[in-house]
Every structure is written in C-alpha cells, then in structure tokens.
Amino acid sequence: MSLNEILGRARRESRTVLTEIESKQILEAAGIACTETRLARTRAEAVSLSAAFGYPVVLKIASKDITHKSDAGGVKVNLKNADEVEVAYDGIMQSAQRKFPQARIEGISVQCMAKPGIEVIMGMTRDPSFGPVLMFGLGGILVEVLQDVAFGVAPLEEKDAAEMIAEIKGKKLLEGYRGQDTVDKSCLESMLLRLSAFVDGRPEIAEIDMNPVFARSDGAIVVDARIILTQPTQPVQP
Ligand code: ADP
Ligand code: MG
C-alpha cells in the first residue's frame with residue numbers, strides 16, 4: 001500500500017498510530033531499509049510465512065491497540081523451525097489477551113531475524129517553533145537511562161547528520177569498542193538524511209520512532225518502527 005492509502009485507512013478508522021507493518025512500508029518507500037514484515041492471521045499462516053522468509057524468524061503481536069509489544073509478552077525472537085513458530089504464536093496470543101483483554105488483535109507479524117548489530121534509535125518529533133526535529137541515539141538501556149541522544153532540525157544537511165552521530169557520548173560503541181564490529185556510520189548518516197527528506201513537507205506525520213535500528217559494518221536495518229499521525233484538522237471523509 002502507498003503512503004496515501006495507509007494514511008487514508010488510518011483516518012477512516014480514526015487512528016493516529018500506525019502499526020509496525022504500516023510504518024515499515026512507509027519507511028521502505030522512503031528508501032529506509034526495514035526487515036520485511038507480514039501479517040499472519042492464523043498459526044498455519046505464520047508457519048508458511050516463516051518458511052517462505054527462511055529461518056530464523058521473529059513473531060510479534062499485531063494489534064492496533066498494543067504499541068509496546070514486549071510489554072504484552074508479544075515478541076519472540078530467533079525461532080528456528082515450524083514447531084518453535086507454532087509455540088510462539090500461541091504463547092504471544094495468550095499473553096497478549098491476558099495482559100490486554102480489550103485489545104483488538106489483527107494477528108501476528110512475521111519477519112526475518114536481523115543479523116546482530118549495535119542497537120541504535122532514530123526518530124522524528126515536531127517542535128512547535130522548529131518544526132520537524134530528527135533524533136539519533138544508542139538503543140536500549142543507554143537511551144532510557146542516560147538519555148544519550150542528539151537532535152537536528154530538519155531539513156538536515158550531510159554535515160548535520162554526521163555531527164549528530166559524532167555528538168553522542170557513547171559514540172565509541174560505534175567505533176569497534178572491545179572487539180565489536182565497527183559500525184558503518186555513512187549508512188546511519190544516509191538513513192538520517194532520508195528520514196529528514198521524508199518528513200520535510202509532510203505535516204501529517206507527527207512522530208516517527210525507529211527503535212531499534214541494527215547498525216553493522218555492512219549496513220543498517222530498522223527492525224521496529226512506529227509512525228504517529230497529527231490529529232486531522234479536516235473532518236474525516238466517509
Ligand atoms: P517493542 O514494541 O516492545 O518495542 P520490538 O519490535 O522493538 O518491540 O522488539 C523488541 C526487541 O526484540 C527489539 O528491541 C530487538 O532487540 C528484538 N527484535 C525485534 N525484531 C527483531 C528482528 N527482526 N531481528 C532481531 N531482533 C529483533
Ligand atoms: Mg521497539
């Protein structure tokens with residue numbers, strides 16, 4: 001589906017939060033690499049999608065009412081065969097229904113397990129005076145506890161993207177700290193620039209959260225994404 005089709009559907013459903021699948025489709029179309037993610041509505045469909053992608057795979061709860069999937073017991077990674085997929089499918093369903101009994105569940109999304117990398121985050125928020133602001137930081141606990149993030153006002157130029165990456169305190173982790181792979185920073189820079197180009201002139205996008213992005217020596221890929229739309233100013237068309 002195109003951006004306009006996805007936006008149109010969300011508006012008709014009076015939603016401002018796009019699903020992981022919708023968000024990744026939009027980002028892919030903007031030239032940002034994401035793990036291809038497809039919806040399974042049954043356990044059998046999850047198994048056949050997994051076989052088509054190739055193992056190992058990741059299963060996640062797909063519900064328009066659940067945005068923090070891990071909190072719902074809704075993410076199972078590194079599933080290596082059909083049996084593991086079936087067990088994970090049932091486990092995710094049960095735990096999501098137990099923790100969020102009111103949630104409408106569309107199914108379970110299936111995607112390939114991304115090759116491990118350094119987890120970073122990228123995103124966009126809107127500032128009332130500056131407009132779209134891009135964000136870059138290290139993923140996981142480092143962001144939450146240390147708030148080690150850098151910001152840049154859109155539209156970014158190449159040097160701005162490079163500066164944002166150079167600004168974070170934990171940047172050594174991107175430079176092969178203690179025998180880890182060095183991250184290809186130019187890939188992260190171009191991802192930031194594409195994100196900036198995408199949000200520029202699109203006031204209907206309120207917020208983008210790419211968390212995490214796996215950064216490696218051979219590229220970078222988004223494994224989870226969420227896009228939030230601005231509240232519509234026009235009445236919703238039937
Ligand atoms: P949440 O909605 O809780 O943020 P995520 O989709 O971010 O759920 O998944 C939780 C964690 O699982 C991620 O931070 C990442 O470490 C891991 N993960 C998710 N998708 C993948 C994937 N395709 N490949 C490898 N690891 C993944
Ligand atoms: Mg996430």
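Small disclaimer: the values here were computed from a predicted structure and weren't measured. We count ligands from 1, going down the list as the structure has it; atoms in each ligand are counted the same way.
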- Item | Check against salt bridge (Lys or Arg N to Asp or Glu O under 4.0 Å), Glu175 and Lys185 | CA-CA 9 Å; Glu175 292 163 355; Lys185 288 189 197 162; 2.7 Å; yes
Query raised in the report: Got a salt bridge between Arg43 and Asp90, using NZ or NE/NH1/NH2 to carboxylate O under 4.0 Å?
Result: yes
When distances are taken from atom 16 (O) of ligand 1, the protein heavy atom at minimum range is Glu119 OE2, 2.8 Å
Ranked by distance from atom 24 (N) of ligand 1, the top protein heavy atom is Ala114 N, 2.8 Å
Quick note on ligand 1: atoms under 4.0 Å from a heavy atom of Asn211 include exactly 7 (O)
for atom 17 (C) of ligand 1, nearest protein heavy atom and its distance come out as Val77 CG1, 4.0 Å
Closest non-hydrogen atoms of Asn78 and Glu84, given as atom of the first, atom of the second and distance, are O-OE1, 3.7 Å
Closest non-hydrogen atoms of Leu59 and Ser50, given as atom of the first, atom of the second and distance, are CD1-OG, 4.4 Å
Of all protein heavy atoms, the one nearest atom 22 (C) of ligand 1 is Val58 CG2, 3.5 Å
One finds that the ligand 1 atoms under 4.0 Å from a non-hydrogen atom of Val75 are 8 (O), 9 (O), 12 (O)
Closest to atom 4 (O) of ligand 1 (heavy atoms only, candidates Asp224, Thr35, Val213) is Asp224
The option among Lys60, Glu20, His68 carrying the non-hydrogen atom nearest to atom 6 (O) of ligand 1 is Lys60
Nearest heavy atom to atom 8 (O) of ligand 1, choosing from Glu36, Lys69, Arg226, belongs to Lys69
shortest atom 26 (N) of ligand 1-to-protein heavy-atom contact is with Phe214 CZ, 3.5 Å
When distances are taken from atom 10 (C) of ligand 1, the protein heavy atom at minimum range is Ser70 OG, 3.5 Å
Count of protein N, O or S atoms below 2.8 Å from the Mg ion (ligand 2) equals 2
